[in-house]
Amino acid sequence: GTPLGLVKNEKYPLRRLTLEPGGSLLLYSDVMWEEHGIPGISFIADEIAPLIKDLNGRTITTVLQERLQLLDDPSFPDDLTLMEIYRKV
């Protein structure tokens, strides 16, 4: 859908999600799918499945922190927002 804050008075559908044990919900800003050169990280639709397979039981937040430490300059020209909700049990 339309990113939050992009269009004044935008209407968004109400959705429900059952988060199974071991499941997670990932919310992120558009900078996460734009090209910014985070090693091995891409939120482009065709590249999300291989990224998830590469997690090996780790959370995406942990992997992002590891990958960001590999950058010489981990600053970004835009906001970088990511929230991961993980259900253990």
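Bear in mind that the values here come from a model prediction, so they are computed numbers and not experimental data.
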Kindly give the heavy-atom pair with the smallest separation between [X] and [Y], and that separation in Å.
| X | Y | value |
| --- | --- | --- |
| L19 | L25 | CD1-N, 4.1 Å |
| E66 | R58 | OE1-NH1, 2.7 Å |
| Y86 | G22 | CE1-O, 3.5 Å |

Spatial distance of atom OG1 (T61) from atom CD1 (I85) [nearest 0.5 Å]: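 These two atoms lie 10.5 Å from each other.
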Rounded distance [0.5 Å steps], CD in Q65 versus OG1 in T59: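 Result: 7.5 Å between the selected atoms.
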Same apolar cluster (I L V M F W Y, side chains within < 4.5 Å links), Y12/L17: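 Each belongs to a different hydrophobic cluster.
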Side chain E84, main chain I60, donor-acceptor under 3.5 Å: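 Yes; judged by distance alone, with no hydrogens or angles, the pair exists.
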